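The block underneath contains the structure these notes are about, expressed in structure tokens.
The shown structure was predicted, so the numbers you read here are calculated from the model rather than taken from an experiment. Below, chains carry the letters A, B, ... as their sequence lines are ordered, and counting in each starts from 1.
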Protein chains: 2
Amino acid sequence: MSPRVSKEHLKQRRADIMEAARNVFIKHGYEHTTMKHVMEAAGVSRGGLYQYFSNKEDLFEALLEEGLTDEAEATEDSLEKVESYWDLLMQLLFGEDGNPDTEMDPLAPSKLEFFITGRNDERRRAYGEKRYETGLRIYDELIKKGQESGEFNDHYDSELVARSIITFIDGLALDHAILPEEKVKLKEQSALFVDYLKMALGVSSS
Amino acid sequence: MSPRVSKEHLKQRRADIMEAARNVFIKHGYEHTTMKHVMEAAGVSRGGLYQYFSNKEDLFEALLEEGLTDEAEATEDSLEKVESYWDLLMQLLFGEDGNPDTEMDPLAPSKLEFFITGRNDERRRAYGEKRYETGLRIYDELIKKGQESGEFNDHYDSELVARSIITFIDGLALDHAILPEEKVKLKEQSALFVDYLKMALGVSSS
DNA sequence: TTGTAAAACGACATTAGTGTCGATATAATA
DNA sequence: TATTATATCGACACTAATGTCGTTTTACAA
């Protein structure tokens with residue numbers, strides 16, 4: 001009547017596998033990675049791997065969840081005590097410094113794969129929708145508050161503007177997944193889109 | 001010394017297979033369709049199919065080429081004799097009538113899959129870049145001419161605006177691939193993006 | 001008709017990946 | 001130190017897909 005190892009160790013092992021898997025997914029993409037790839041990268045046996053994750057989808061979703069939690073909650077509360085909604089929006093879009101020169105999440109291309117190739121699977125589809133909805137809410141909420149405060153004008157429906165933000169982000173992620181760094185012009189396109197948003201929200205300051 | 005069938009027949013057979021394949025790709029997506037699916041849909045044997053296409057990639061690229069030719073040349077020449085570049089741009093974006101209520105190409109999701117999952121394959125990557133470049137040139141050319149004619153202002157670099165158009169289209173295609181029709185709000189988002197463009201190009205008329 | 005080139009067929013060998021399961025190794029406890 | 005629960009292992013059976021190749025069929029020419 002004694003578990004072989006501490007819960008710490010189990011958690012650690014799981015984390016190690018996920019870390020290795022993450023790198024494999026980044027390298028090969030979702031569809032083309034195999035459990036064998038992960039086994040080798042993580043230095044674990046077949047049986048060992050399946051002890052922690054029952055299949056590739058399960059494993060990838062664990063990575064998805066990991067990424068989601070941090071971001072969402074961080075913005076949720078800063079929505080309460082903020083002086084400029086515009087600054088907050090820029091932060092949300094481009095990270096801490098709020099300048100459009102952010103690196104992309106290297107796992108992003110695989111995430112796209114995951115949802116696109118799984119678009120006919122009921123489960124995956126529902127999951128994708130939930131994620132979209134979550135992302136949408138965050139932006140919608142922010143914009144709505146900005147409009148109510150008078151910082152933004154309400155010429156456009158907040159949700160529609162939020163949708164356009166996500167469309168833009170998705171489009172960039174997609175092009176970035178396919179094209180070489182220098183061709184996407186991430187920075188310039190982001191700057192242009194910021195101008196689009198300024199127009200839509202009636203923001204003039206830099 | 002006699003070929004078994006006329007060239008007509010061969011061409012027809014090939015076309016039939018492609019038609020069937022198109023439907024299969026639409027239904028299952030690129031990654032998940034198999035040659036067997038196509039065989040069955042086209043009512044052709046394994047050997048028969050491989051006589052025309054040496055693998056799935058080959059087959060899909062044939063479909064890609066098919067779609068590309070029509071669109072490109074159609075716009076190429078209407079660029080010469082046009083009274084309003086803006087109208088032409090709207091036509092290019094939303095089809096003949098130039099109104100943002102267009103249906104999406106049902107094969108589009110599979111195309112995304114094809115390029116995303118193939119992003120690590122040299123050949124496929126190069127092919128994807130060429131396509132991006134081609135699309136970019138069309139929009140860039142149009143916008144540049146519109147700027148030269150004075151119809152558009154040149155506050156923004158024409159190529160950058162062209163890129164943002166493609167990003168937007170890609171983003172919409174992506175969301176449309178994953179989300180149900182009613183959630184994407186294609187029409188509304190398109191309308192908003194048109195406003196973005198009006199701003200960027202300094203166009204005021206409806 | 002008949003002969004023939006090649007279109008169409010489908011069985012086959014091969015490859016690659018999956019998930020399972022009994023055997024083995026080992027860390028905590030007694 | 002001996003015991004034991006269980007983490008880890010890797011061989012295995014199974015499935016699914018691929019591309020090939022010898023055989024059969026058939027449209028056309030002679």
Do the side-chain N and O atoms of [X] and [Y] include a donor-acceptor pair separated by under 3.5 angstrom?
X	Y	answer
B/Gln91	B/Asp87	no
B/Ser164	A/Tyr196	yes
A/Tyr156	B/Asp195	yes

Roughly, in whole Å, what's the span from [atom1] in [X] to [atom2] in [N]?
X	N	atom1	atom2	value
B/Met39	D/dA17	CE	P	11 Å
B/Gln12	D/dA27	CD	P	16 Å
B/Tyr30	D/dA17	OH	P	14 Å
A/Glu40	D/dC9	CD	C1'	15 Å
A/Arg13	C/dA27	CZ	C1'	14 Å
B/Phe53	D/dT18	CZ	P	15 Å
A/Asn55	D/dT15	CG	P	18 Å
B/Lys36	D/dG19	NZ	P	15 Å

### Query
Given that A/His37 and B/Arg46 both sit by DNA chain C, which one's nearest nucleotide is further toward the 5' end?
B/Arg46
### Query
So what does B/Tyr52 hit on the nucleic acid, given a heavy-atom distance under 4.0 Å: a base, only sugar-phosphate, or nothing?
sugar-phosphate
#### Entry: Per A/Tyr50 side chain, nearest of listed nucleotides C/dG19, D/dC9, D/dA7
C/dG19
### Message
Taking the minimum atom-to-atom distance to the side chain of A/Ser45, which one of D/dT18, D/dC9, C/dT18 wins?
### Response
D/dC9
### Query
Is the gap between the ring centers of A/Phe168 and B/Phe168 under 6.0 Å?
no
### Phosphate OP1/OP2 of C/dA7: any B/Gln51 side-chain N/O under 4.0 Å
yes
